[in-house]
Amino acid sequence: MAPVLLIDEVDRADDAFEAFLLELLAEWQISIPELGTVQAVTRPHVILTSNRARDLSDALRRRCLYLWVDYPSPEDELHILRARLPDLSERLARQVGGAVAYLRSLPLGKAPGVAETLDWAEALTLLHQDQLTPEVVRDTLGCVLKLREDQQLVGLNLQALIGAAMRGL
């Protein structure tokens, strides 16, 4: 069985790393000045992920198959919450899921990913919160939104966020 090489968030790497990666993908070997050339014994399956922070070079994109992975459906995200945070109450899981679905509908600079959903739900659990209230959301919004401008925008729409949370999934 072939090994799997995961290179996460390749779009955050610099041009020198992309050139290094092109050599690896072309020859299945890399040159290390201190060690010489190291060649793969078995050709790996390579998975590159990108958050589109910058465009990848045409040379790199030509060597890849492209698959767009969207955010999970609200139901799938609820399953993820249940699986990863078994101590999370059903009520809070549904509220967090509804709130995050609402957040993703806003014109945010950085929409929350699944990792932020999990971070927020875990923080709420650690803080012994059993529901989302305006105060709780204001105090914990940094767990799910990482840009100040996004937090300000949501602050202006806090009642709509709480409404979406109360409707749940």
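The first residue in the sequence is number 1, and the count goes up from there.
Judged purely by atom type and a 3.5 angstrom limit, Asp8 has no side-chain atom pairing as donor or acceptor with the backbone of Thr49.
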| query | Does the side-chain contact (heavy atoms from CB on, under 4.5 Å) test come out yes or no for Thr125 and Leu85, once each step is laid out? | reply | CA-CA 9 Å; Thr125 300; Leu85 301 170; 5.6 Å; no

| message | Checking Leu126 against Glu122 for the side-chain contact (heavy atoms from CB on, under 4.5 Å) test, could you report, in this order, the C-alpha distance in whole Å, the side-chain angles of both residues, the deciding distance, and whether it holds? | response | CA-CA 6 Å; Leu126 292 172; Glu122 185 174 20; 4.2 Å; yes

| What do the steps show when you test Trp120 against Val137 for side-chain contact (heavy atoms from CB on, under 4.5 Å), and what is the final call? | CA-CA 10 Å; Trp120 195 22; Val137 170; 4.3 Å; yes

| field | Check against side-chain contact (heavy atoms from CB on, under 4.5 Å), Leu145 and Leu153 | value | CA-CA 10 Å; Leu145 295 178; Leu153 175 66; over 6 Å; no

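Hydrophobic clustering of Ile, Leu, Val, Met, Phe, Trp and Tyr side chains at less than 4.5 Å, counting indirect connections, unites Leu22 with Ile30. Follow the hydrophobic side-chain contacts under 4.5 Å out from Met166 and you reach Leu88 in the same cluster. Both Leu106 and Leu161 are assigned to one and the same hydrophobic cluster, defined by single-linkage of ILVMFWY side chains at heavy-atom distances under 4.5 Å. Taken together through direct or relayed side-chain contacts under 4.5 Å among Ile, Leu, Val, Met, Phe, Trp and Tyr, Val144 and Leu147 form parts of separate hydrophobic clusters.
In this structure, the side chains of Trp28 and Val46 come closer than 4.5 Å at one or more pairs of heavy atoms. In this structure, the side chains of Arg12 and Asn51 come closer than 4.5 Å at one or more pairs of heavy atoms. With contacts defined as side-chain heavy-atom distances shorter than 4.5 Å, the pair Thr117/Leu81 qualifies. In this structure the side chain of Val154 never reaches within 4.5 angstrom of the side chain of Asp150, judged on heavy atoms. Two residues are said to be in side-chain contact when any heavy atoms from C-beta on lie closer than 4.5 Å; Asp139 and Leu127 fail this criterion.
Arg63 pairs by the salt bridge (Lys or Arg N to Asp or Glu O under 4.0 Å) definition with nothing, not counting sequence neighbours. Partners of Arg61 under the side chain to side chain donor-acceptor pair (under 3.5 Å) rule, at least two apart in sequence or in another chain, are Asp58. Under the rule for a side chain to side chain donor-acceptor pair (under 3.5 Å), Asp70 has no partner lying at least two apart in sequence or in another chain. For Ser89, there are no side chain to side chain donor-acceptor pair (under 3.5 Å) partners, not counting sequence neighbours. Residues passing the side chain to side chain donor-acceptor pair (under 3.5 Å) test with Asp119, sequence neighbours excluded: none. Qualifying salt bridge (Lys or Arg N to Asp or Glu O under 4.0 Å) partners for Arg84, counting only residues two or more places apart in sequence or in other chains: none.
Between Leu48 and Cys64, the closest heavy-atom pair is CD1-SG, 3.6 Å. When all heavy atoms of Pro112 and Leu108 are compared, the closest pair comes out as CD-CD1, 3.9 Å. Here the shortest heavy-atom pairing between Pro134 and Gln159 reads CG-OE1, 4.3 Å.
Within the structure, the salt bridge (Lys or Arg N to Asp or Glu O under 4.0 Å) test picks out the following pairs touching residues 95-110 (sequence neighbours left out): Glu77-Arg104. Evaluation of the salt bridge (Lys or Arg N to Asp or Glu O under 4.0 Å) test over residues 13-25, restricted to residues two or more places apart or in two chains, returns Glu18-Arg54.
Taken from CD in Gln152 to CG in Leu141, the straight-line distance is 11.0 Å, to the nearest 0.5 Å. With rounding to the nearest 0.5 angstrom, the CD atom of Gln95 is 5.5 Å from the CD atom of Gln131.
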Distance-only donor-acceptor pairs under 3.5 Å for side chains of residues 32-44, two or more places apart:
none

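Tested against Leu60, the residues Leu25, Asp11, Asp55 include a single side chain to side chain contact (heavy atoms under 4.5 Å, CB included) partner, Leu25.
Applying the 4.5 Å side-chain rule to ILVMFWY residues, one finds Trp68 in the same cluster as Tyr66. Connectivity analysis of hydrophobic side chains (ILVMFWY, heavy atoms under 4.5 Å, direct or indirect) links Tyr71 to nothing; its cluster partners are none. Here Leu6 sits in one hydrophobic cluster together with Val4, Ile47; the rule is ILVMFWY side chains under 4.5 Å apart, joined directly or through other members.
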